[in-house]
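Heads up, the thing below is written out as structure tokens.
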Amino acid sequence: MEKKILAKVGQKEITNLDVQGAIQGLDPYQAQQFQTEEGQKYVLDDLVNQELLYMYAKDNKIDQDEEFRTEMKRVEENLLKQYVINKILTSIQLTEEEKRAFFDAQKQSFSKPETASAKHILVDNEEKANDILGKINAGEVSFENAAKEHSTCPSKDNGGDLGTFGRGQMVPEFEDAVFNMNNGEVSGPVKTQFGYHLIKLENKNESSIPEYDEVAEQVERTLLFQKQGEVYQQKLNEVKEKYPNAVEYMNK
């Protein structure tokens, strides 16, 4: 975007880039409201007003007020603390060799969990479940149509489809049954706190360790976080050694 001066307040120039920067600093919903010509004019006027107030504050030496100087000192201290922390953390550079070595040593932590895709039919009594199962096994009705007709679970609208899930996402009795089934198998009834389930296992994926390239970004984030913690603690230890008598805890 070409820079264009939109207003001058004293010696201060306000450009279209200043206006866009102010708009982009807003949350996305608000920013959208100010992208119109009228909205940008409003933002420009606001920036002009801020500069006028700044001129007023300087001319009246408000920046020399004790309260202002105290506040500025507090802001400077907090900013410096955050700046030095960021400087410590951003000093870390990871090599490709380090990342690959970390992955090789920690492969299990990046493994893909065991998952299953299944459908079910939920009814309130075992006799009804067995009756439906018999009809499915006899070929009188498909599992999906039986689910639509008899299941009390909202998944019935999708033929009982529960999608893909991992261990720990279903109640134990249901989970144990699913992960001990073979692909395409229909099993049940399985009793849980919700009732009696007939289960059809669509697909089961065993836990597996991915290739490095599949999780390279995750490896980098994990290793970087770990090294940042180590470097931060190391710097803290150095600082504490440098100022051994600086800290005094007061007994309450």
Side-chain angles (χ1 to χ4, degrees), residues 24 27-28 78-122 143 147 153-155 158-195 197-243 247 249:
Q24 290 169 9
D27 69 69
N78 288 336
L79 186 60
L80 184 57
K81 292 171 189 174
Q82 191 58 55
Y83 178 80
V84 72
I85 291 173
N86 290 339
K87 193 168 185 178
I88 292 169
L89 299 183
T90 56
S91 67
I92 300 167
Q93 300 294 326
L94 300 177
T95 66
E96 189 65 20
E97 290 73 17
E98 285 180 299
K99 290 184 284 187
R100 287 185 177 275
F102 180 75
F103 172 73
D104 289 338
Q106 303 289 334
K107 281 185 177 180
Q108 288 300 327
S109 64
F110 296 101
S111 63
K112 296 178 181 178
E114 185 180 15
T115 61
S117 300
K119 297 176 180 178
H120 83 142
I121 300 170
L122 177 64
F143 190 96
C153 176
S155 65
N158 295 318
D161 194 355
L162 295 172
T164 300
F165 51 89
R167 286 189 179 274
Q169 293 182 254
M170 300 294 180
V171 293
E173 302 90 342
F174 188 92
E175 177 182 292
D176 289 343
V178 168
F179 285 101
N180 282 290
M181 293 172 62
N182 296 316
N183 290 345
E185 182 181 351
V186 174
S187 179
V190 174
K191 184 181 179 181
T192 72
Q193 66 198 68
F194 302 106
H197 305 256
L198 298 179
I199 305 169
K200 180 180 180 181
L201 179 63
E202 296 289 297
N203 188 47
K204 184 168 61 176
N205 296 307
E206 301 295 334
S207 176
S208 63
I209 296 177
E211 296 295 325
Y212 171 78
D213 291 341
E214 296 179 63
V215 291
E217 291 185 5
Q218 183 184 352
V219 170
E220 182 172 11
R221 287 195 302 270
T222 304
L223 179 57
L224 182 61
F225 182 76
Q226 177 179 305
K227 293 199 71 173
Q228 283 177 335
E230 294 171 355
V231 171
Y232 181 69
Q233 189 58 54
Q234 181 182 355
K235 179 58 69 174
L236 279 181
N237 292 340
E238 292 176 11
V239 171
K240 288 177 180 179
E241 288 181 10
K242 184 176 179 63
Y243 307 107
V247 180
Y249 293 102

* Run the side-chain contact (heavy atoms from CB on, under 4.5 Å) check on Lys200 and Met181 step by step: do they pass? -> CA-CA 9 Å; Lys200 180 180 180 181; Met181 293 172 62; 5.9 Å; no
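If you check the side chains of Thr115 and Thr164, you find no donor sitting under 3.5 Å from an acceptor. Using modelled atom types and a 3.5 Å distance limit, the side chains of Asn237 and Glu241 yield no donor-acceptor pair.
Separation of atoms NZ (Lys204) and CG (Leu201) is listed at 6.5 Å; rounding is to 0.5 Å. We find the CG-OG1 distance between Leu122 and Thr192 to be 6.5 Å, quoted to the nearest 0.5 Å. Atoms CG and OG, on Leu162 and Ser155 in that order, are 5.0 Å from each other to the nearest 0.5 Å. Once rounded to the nearest 0.5 Å, the distance linking CZ of Phe194 with SG of Cys153 reads 9.0 Å. Residue Leu224 holds its CG atom at 10.5 Å from CZ of Arg221, rounded to the nearest 0.5 Å.
Remark: Asp213 engages Arg100 in a salt bridge (Lys or Arg N to Asp or Glu O under 4.0 Å) (not counting sequence neighbours). Every residue two or more places apart in sequence or in another chain that forms a side-chain hydrogen bond (donor to acceptor under 3.5 Å, both in side chains) with Lys235 is listed here: Glu238. For Tyr212, the ring-ring contact (aromatic ring centres under 6.0 Å, His included) partners at least two apart in sequence or on another chain are Phe103. Looking at residues two or more places apart in sequence or on another chain, you find a side chain to side chain contact (heavy atoms under 4.5 Å, CB included) between Gln82 and Ile85, Asn86. Every side chain to side chain contact (heavy atoms under 4.5 Å, CB included) that Ser109 has, sequence neighbours left out, goes to Gln106. Under the side chain to side chain contact (heavy atoms under 4.5 Å, CB included) criterion, Lys240 pairs with no residue, sequence neighbours left out. In this view, Lys119 and Glu144 satisfy the salt bridge (Lys or Arg N to Asp or Glu O under 4.0 Å) rule, not counting sequence neighbours. By the salt bridge (Lys or Arg N to Asp or Glu O under 4.0 Å) test, Glu214 pairs with Lys112, sequence neighbours left out. Every side chain to side chain contact (heavy atoms under 4.5 Å, CB included) that Tyr249 has, sequence neighbours left out, goes to Val247. Every residue two or more places apart in sequence or in another chain that forms a salt bridge (Lys or Arg N to Asp or Glu O under 4.0 Å) with Glu114 is listed here: Arg167.
Among all heavy-atom pairs drawn from Leu94 and Glu220, the shortest one is CD1-O, 3.8 Å. For the residue pair Ile199 and Ala118, the shortest heavy atom distance occurs at CG2-CB, 4.4 Å. Across all non-hydrogen atoms, the minimal contact from Lys99 to Val219 is O-CG1, 3.5 Å. Nearest approach of Ala147 to Gly160, heavy atoms of both residues: CB-N, 3.8 Å. Closest approach of Leu223 and Phe102 over heavy atoms only: CD1-CD1, 3.7 Å. When all heavy atoms of Leu89 and Tyr232 are compared, the closest pair comes out as CD2-CB, 4.2 Å.
Within a 6.0 Å sphere centred on CD of Glu96, heavy atoms belonging to other residues, nucleotides or ligands number more than 12.
Note on residues 180-191: pairs passing side chain to side chain donor-acceptor pair (under 3.5 Å), not counting sequence neighbours, are Asn183-Asn203.
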Please tabulate, for side-chain N and O atoms in residues 169-179, each donor-acceptor pair with protein atoms closer than 3.5 Å (sequence neighbours left out).
{"unit_1": "Gln169", "atom_1": "OE1", "unit_2": "Gly166", "atom_2": "N", "d": "2.5"}
{"unit_1": "Glu175", "atom_1": "OE1", "unit_2": "Gly168", "atom_2": "N", "d": "2.4"}

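Proximity of Ser207 to Ser111: side-chain heavy atoms (C-beta onward) are separated by under 4.5 Å at one or more points.
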